[in-house]
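Heads up: the structure comes next, in structure tokens.
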Amino acid sequence: MTTFERLFGYTHAFDDSLTIAAVISIAAVLIVSPLLTLILHRTGVIDTQLRTEILIRIRSWVVIALIVLPAILLGAFWAILLFFFISLYAYVEYARMTGLFRDRVLSFTVIVGIVLISLTVLDHWYGMFVAMAPLGIIAIAVVGVLPDRPDGFIQRVALATLGFLLFGVCLGHLAYFSNSTIYRPLLILLISTVALNDVFAFLVGKTLGKRKLCPRTSPNKTIAGAVGAVILTTLTVYIVGTSFFELPPRMHWYYLVLGGVLLSICGQFGDLTLSSIKRDIGIKDSGTLIPGHGGLLDRIDSLLLTSPAAFHFIGYFGGIGLDQSTRIFTGS
Amino acid sequence: MRPFKFNPALDLSESRHTRYRSIRRESGHLAWMSQLITSMGFRLYLRVYHRYSIEGLHHVPRETPFILIANHTSHLDTIVLTSLIPVRLRTRVYPLAAADSFFQSRPRALLLTSALNILQLRRRSSNRHALQDLRERLLQGDIALIIYPEGTRGNGQQLGPFKPGIGNLVADTSIPVIPCLLTGCAESLSKGSTLPRPSRISVQIGAPIHFSEFLNERESWQRIATRLSESLDGMKKAAD
């Protein structure tokens, strides 16, 4: 596959059977679930208020699917562009949550860093992509010193660094998957498994959960839900991994189980990380972008830690985009 | 320098549809960038097209909070007054505008909030409550305001009576009020005309006035309004 085909080759959208299966099942879920809600309301299982809430949430899911799926399917360029905007908006939300946005120049430095990371991803320049983390910290430290006001220096610089690492570097790994020729099934599998992981934790916790996982951080999470999510997500990853992917020879079955456990645990810790941040500040939602869900961060929190973990896990066995030409724009 | 505050944005819980017309609005990243660009553009425009002159720029404080007041004769007034503000403070200085006349259409409102950082005030309903919110934000020291105490555009000849609302903001506080006299704006862009004419504009900035010895009650608000009106009138008489 040539670079241009990878970036813009929409004819390759359904090359992999997993992509077809995933798109069909996502469409099915999004069509069936509102109908199911209406039926449950008709039969009197749920009241009108709950029905409205669920329908608002499903509508948001439909909008999310209609934005994310085409961007991933149409070509790697659109996927990278989408993840750039997600990173940028996630950071802006974080900056408004923490008050970092009032330090205009420092905040702007982080935004420049996020732009540069997206460019290295598009360029497929892995060396520079990795270097962006320390270089970004250098830039943030320097810009933090320049106004000559040491009061609150640690707060401002630490907030900017955390924001840059979480939303620039960690989420950047999600975009970097696009440099692989099989990025479509990889990204769809990753994003939908992480979403399923949340659903598993919620459902198992609702039915079996008694003891709280960490009540001071997130009062609704239970130990049963967390364990159930790990088991069910691992099972999902194992089944999908063995039936849809040509696994590299080094990758034995237990590595796939390990990958599933890693995915589930990182997803739940990403969720708890954002909960801790919000609890520390004393707010409930990170924003108001997505009706029924809260802010963008409330939706993508589980992906924050999962993206780099999954990236390096897969990278350890097969590498990401090694057969593609690197440094598309900056190389000779 | 203002210390860093580990506080979420005041308008964090407002939706995108209500944020731009909230009295608690705080400029974000996009507004900051657009204001950096537009303020440079406006300064160049005023200097070249209107050959504008400033007198007493040293009276404008280098740190928030403060309130600039001026006689209001033209839409150009706000552009002239915002150009007096140091760029560093630009996003924290909010010109107050009447919600009913400026924010009728949504695109226009978004343009005004992002380019000029206008904060909207509803003229009649819930006015008291909004003023109280503004007073608290001023007392916390994070913002400065640009206010036309006449409440509407005058004819350019005579000052109209000042509304007492300004007294509610500054009575019993150390917030300085800086009177600014604008001349030539009405000739450049009078009420009803759409394109500005290249006539000369000048700004005179008076010494800051404090109202810490006034009690925060209705009667002294009126006295504060009168006192400000007299000072601006005095500047106008001296200029004529």
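A quick note: this is a predicted structure, and the numbers were derived from the prediction, not measured. Every heavy atom of this structure was used, including side-chain atoms; hydrogens, water molecules and symmetry mates were not.
- The contact between B:Ser13 and chain A is made entirely by backbone atoms, counting heavy-atom distances below 4.5 Å.
- The existence of a salt bridge linking B:Asp77 and B:Arg153 is excluded, since no basic side-chain nitrogen approaches an acidic carboxylate oxygen closer than 4.0 Å.
- Residues satisfying the ring pair (Phe, Tyr, Trp, His ring centres under 6.0 Å) criterion with B:Tyr148, sequence neighbours excluded, are B:His72.
- Only the backbone of B:Glu14 comes within contact range of chain A, with heavy atoms under 4.5 Å apart.
- Of the listed residues A:Leu289, A:Ile281, A:Thr98, the one with more heavy-atom pairs under 4.5 angstrom with chain B than any other is A:Thr98.
- Contacts of A:Tyr94 with chain B are absent, with no heavy-atom separation under 4.5 Å from either backbone or side chain.
- Salt-bridge formation is not detected for the pair B:Arg19/B:Glu26: no Lys NZ or Arg NE/NH1/NH2 atom is positioned less than 4.0 Å from an Asp or Glu carboxylate oxygen.
- Residues passing the salt bridge (charged side-chain N to carboxylate O under 4.0 Å, His left out) test with B:Lys163, sequence neighbours excluded: none.
- Between A:Asp198 and A:Arg299 a salt bridge is recorded (basic side-chain N to carboxylate O distance below 4.0 Å).
- Interface remark: A:Leu159 contributes side-chain atoms only to the contact with chain B (heavy atom separation under 4.5 Å).
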